[in-house]
Structures are given as C-alpha cells and as structure tokens.
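Worksheet: the structure to be examined is printed underneath.
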There are 2 protein chains.
Amino acid sequence: MDFAYADELNRTIRIVALKHRARAAALLADLGLYPGQEIVLLELDTLGPRKQAELAVSCECEPPTVSQLVRKLEIAGLITRQPSTTDARAIVVDLTDRGRALMGPLKSRWIELAEVTAAGLETTKPDELLSVVHELARSLCPAAALRLDQRFERRSECRQRTIN
Amino acid sequence: MDFAYADELNRTIRIVALKHRARAAALLADLGLYPGQEIVLLELDTLGPRKQAELAVSCECEPPTVSQLVRKLEIAGLITRQPSTTDARAIVVDLTDRGRALMGPLKSRWIELAEVTAAGLETTKPDELLSVVHELARSLCPAAALRLDQRFERRSECRQRTIN
DNA sequence: TACCTAAGATTAGGCGCCTAACTTCCAACC
DNA sequence: GGTTGGAAGTTAGGCGCCTAATCTTAGGTA
C-alpha cells in the first residue's frame with residue numbers, strides 16, 4: 001500500500017471519528033449527557049439490568065471505564081448500582097425511572113445523529129454504507145464485529161443475502 | 001430512519017473509531033508516541049514549519065489541544081517552538097533532527113495501520129472504501145472534508161471521474 | 001494617537017478512555 | 001477444608017480532546 005492512500009484513509013477515518021463524536025456530544029448536551037454515557041443507557045434499556053463486567057463487553061470498553069461511567073450516571077440519578085445476590089463481587093446496574101424517562105429523547109437524538117451522519121451520502125446507499133463500515137469494524141476488531149452481528153442478526157443476514 | 005438502522009450505524013462507527021485509535025496507539029507505542037501526536041508530526045513533515053494556529057486547522061483540532069500536544073512533543077525533543085519573527089503572538093513549530101529521524105518509522109507504521117484497517121475487506125474495493133468514508137466525513141463536517149479534498153486533490157479527482 | 005475588535009496562545013477544569021496495580025471474592029482442586 | 005488461580009470491581013495516573021476564560025499582540029478605525 002502506498003503512503004498517500006494510507007494517509008488519506010487514516011486521516012479520513014480519524015476525522016469521521018472526531019466529528020461523529022462531536023456531533024453526538026452536541027446532541028446529547030441538552031440531555032445532560034456526555035458521549036459514551038449514552039451507550040450504557042441504551043445497553044441497559046435494550047438488554048435489561050446487567051453486571052458491570054457484562055456492560056464492559058457490550059459497550060466495547062474496559063472495566064475501569066465502565067466503572068467511572070456508571071458512577072457518574074448514578075450520581076445523575078439515571079441508574080442504580082446494587083450488589084448481586086448471587087455473586088458478592090458483582091454489581092448489577094439498572095435504569096431508574098428518571099433514566100427510563102430519558103430513553104425516549106435519547107433514542108430520538110440517536111436517530112438524529114445517524115441521520116446527520118448519513119445525510120451527505122450521494123453515491124452510497126444506506127445498506128452499502130452499513131456494509132462498508134461493518135467490514136471496517138470486522139477488520140479492526142473481529143470480536144467486536146461478531147458481537148455486532150449477534151445484536152443485529154436479522155439485518156446482517158439480509159445484507160449477507162444481498163451480497164451473495 | 002428507523003432506530004435499528006441508526007443504532008447499528010452509530011455503534012459501528014463508534015467501534016471503528018475506538019479500535020482504529022487503539023490500533024494506532026499500539027503501533028505508535030514503541031516510537032514513544034501517543035495517538036494524536038503523529039498527526040502533528042506528519043503535518044510538519046509534509047507542510048513544513050507552521051504556526052500553531054495553522055496546525056490546529058490542519059490537524060482538525062482546537063488550539064488548546066495543539067498547545068498541549070506541541071508542549072509534550074517539545075519535551076520529547078521531536079519539535080522546536082520558536083516565536084514568529086513577523087508576529088509576536090504566534091509561535092512557529094518545526095521538526096528537530098530527532099523528529100525528522102522518526103518520520104521514516106512513523107510513516108511505515110501509518111501505512112501498517114491503514115493496511116490492518118483495510119485487511120478485512122471482502123466485498124469492498126479500496127477506492128470504494130475511501131469514497132464511502134470520505135462521504136461520511138463530508139456529511140459530518142463539510143469544512144474538514146473540503147480540506148481533505150485540497151490535500152489529496154489528484155486522488156479525489158480520480159475518484160470523481162470514476163464515479164461520474 | 002488612541003482605541004477597540006479580533007487573532008494567537010495559554011491555563012484551568014472536565015470528559016471518556018486506557019493500562020497497571022490492588023482488593024475482594026468465587027470456584028475448582030489437592 | 002485449606003489453597004490457589006482467576007474474575008469483578010476500584011483506584012491512581014496518564015493520554016487526547018474539549019470549552020471557557022485570560023493575556024498579549026496585531027491592525028484597522030475614529
């Protein structure tokens with residue numbers, strides 16, 4: 001691979017990463033959330049109460065990160081942390097009513113973020129976009145991509161069919 | 001747009017962002033660099049000595065960020081900071097010999113990062129990959145995408161031609 | 001000349017994210 | 001039943017990145 005291509009690819013991915021996060025930050029700001037926290041909330045909403053260790057896996061970040069995220073979300077009154085009844089080491093995290101009440105607005109911002117992200121597509125179709133980004137994820141972290149596959153099983157099957 | 005699509009798109013982009021940065025961190029670690037610093041060095045190498053304000057623009061980050069990056073790179077002995085002769089407010093940053101000596105290894109890691117990133121592509125061709133990611137950048141931050149266009153003028157013209 | 005807006009840079013403080021090191025507890029094994 | 005290896009969680013410290021506020025200087029205008 002030549003340097004020019006590599007440079008452009010790396011730079012562009014970096015910009016997408018930076019700006020996607022910045023957009024998220026702007027959209028989440030008036031909910032009192034910082035980017036990263038929304039993942040935890042969305043996770044708890046769709047999968048139910050979970051131990052922090054499980055959250056770390058499904059949020060694709062390390063235990064210390066989830067530890068801090070969860071602490072601040074608890075202070076904000078959006079989640080509860082209760083020691084597990086079956087494992088004295090584990091802590092089970094769940095949404096509070098305030099947290100659940102936030103999910104509506106949060107989900108609509110989440111959709112808005114994706115819309116803004118895909119708004120400038122001209123030659124690329126939505127399915128193709130998802131396919132390409134997903135291949136990137138698979139390339140950079142097979143384990144994470146696999147977890148994404150499991151989560152979005154039906155859609156990814158559809159994509160497989162249209163590709164083959 | 002439905003929530004399932006938005007969720008998958010946002011999550012996947014987030015994972016790509018996280019893992020791309022993690023890969024960069026791993027590759028840069030034994031050069032004594034942290035991700036973010038390489039951009040400054042690459043910038044100085046290709047564009048020559050520049051004021052911090054200019055670096056902030058071309059590195060796509062804010063002045064305080066560049067201020068800290070530059071301070072640490074100076075401590076590391078990779079760059080110099082000298083007050084501008086024409087503007088008493090400005091500081092001109094340049095590579096030292098040690099910094100220049102690092103560019104070879106740095107560029108090869110940069111290529112390696114892009115190779116790893118694109119290694120898992122099956123159905124997507126390199127040009128298509130760049131095109132899609134670039135459309136994402138354009139969508140999220142037109143100004144940044146425009147600056148990328150100027151930087152990689154020839155390649156982006158080629159892409160335009162193959163698309164139209 | 002004096003003024004005043006804007007630009008360049010820094011500091012302070014906060015966020016997510018990481019690794020390394022530590023504590024507590026589970027569970028399997030001798 | 002005591003021992004040991006690993007899992008869950010936290011703390012400490014460091015990184016890039018951000019916004020807001022501050023200071024100094026540049027450069028046009030009254």
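Naming: A, B, ... by sequence-line order, numbering from 1 per chain.
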Does the side chain of [X] get closer than 4.0 angstrom to OP1 or OP2 of [N] through an N or O atom?
{"X": "A/Gln37", "N": "C/dC15", "result": "no"}
{"X": "B/Lys72", "N": "D/dG14", "result": "no"}
{"X": "B/Arg71", "N": "D/dC15", "result": "no"}
{"X": "A/Ser67", "N": "D/dG9", "result": "no"}

Toward the 5' end of DNA chain D, which comes first, A/Arg14 or A/Ala90, by nearest nucleotide?
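Counting from the 5' end, the first nearest nucleotide belongs to A/Ala90.
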[X] and [Y] ion-paired at < 4.0 Å:
{"X": "A/Arg50", "Y": "A/Asp94", "answer": "no"}
{"X": "B/Glu60", "Y": "A/Arg14", "answer": "no"}
{"X": "B/Arg89", "Y": "B/Asp87", "answer": "yes"}

From the set [options], return the single nucleotide nearest to any side-chain atom of [X].
{"X": "B/Ile91", "options": "C/dT10, D/dA8, C/dC17", "answer": "C/dT10"}
{"X": "A/Pro64", "options": "D/dA8, D/dT25, D/dA12", "answer": "D/dA12"}
{"X": "B/Thr65", "options": "D/dC17, D/dG9, C/dT11", "answer": "D/dC17"}
{"X": "A/Leu69", "options": "D/dG16, C/dC26, C/dC17", "answer": "C/dC17"}
{"X": "B/Pro63", "options": "D/dT10, C/dT10, C/dT19", "answer": "C/dT10"}
{"X": "B/Gln52", "options": "D/dG9, D/dG16, C/dA9", "answer": "C/dA9"}

Any base atoms under 4.0 Å from A/Pro35, or only sugar-phosphate, or nothing? Heavy atoms, all strands.
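Sugar-phosphate only.
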Within the 4.0 Å heavy-atom criterion, would you say A/Gln68 contacts the bases, only the backbone, or no part of the nucleic acid?
base
How close do B/Met1 and A/Ile111 get, heavy atom to heavy atom, and via which atoms?
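The pair with the smallest heavy-atom distance is O-CG2, 3.7 Å.
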Of all heavy-atom pairs between A/Gly36 and A/Glu38, which one has the smallest distance, and what is that distance?
N-OE1, 2.6 Å
Look at the side chain of A/Arg89 and the base of D/dA7, then say whether one donor and one acceptor between them are separated by less than 3.5 Å.
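By the distance-only test, yes, there is a pair.
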Rounded to the nearest 0.5 Å, how far does CG of A/Asp7 lie from CH2 of B/Trp110?
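Taking CH2 in B/Trp110 and CG in A/Asp7, the distance rounds to 7.0 Å.
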d([atom1], [X]; [atom2], [N]) in whole Å:
{"X": "B/Leu18", "N": "D/dG16", "atom1": "CG", "atom2": "P", "result": "16 Å"}
{"X": "B/Lys51", "N": "D/dA26", "atom1": "NZ", "atom2": "P", "result": "11 Å"}
{"X": "A/Arg23", "N": "D/dC18", "atom1": "CZ", "atom2": "C1'", "result": "16 Å"}
{"X": "B/Tyr34", "N": "D/dC17", "atom1": "OH", "atom2": "C1'", "result": "16 Å"}
{"X": "B/Glu54", "N": "C/dA9", "atom1": "CD", "atom2": "C1'", "result": "14 Å"}
{"X": "A/Asp87", "N": "C/dA28", "atom1": "CG", "atom2": "P", "result": "12 Å"}
{"X": "B/Lys19", "N": "C/dC17", "atom1": "NZ", "atom2": "P", "result": "11 Å"}
{"X": "B/Glu62", "N": "C/dT10", "atom1": "CD", "atom2": "P", "result": "15 Å"}

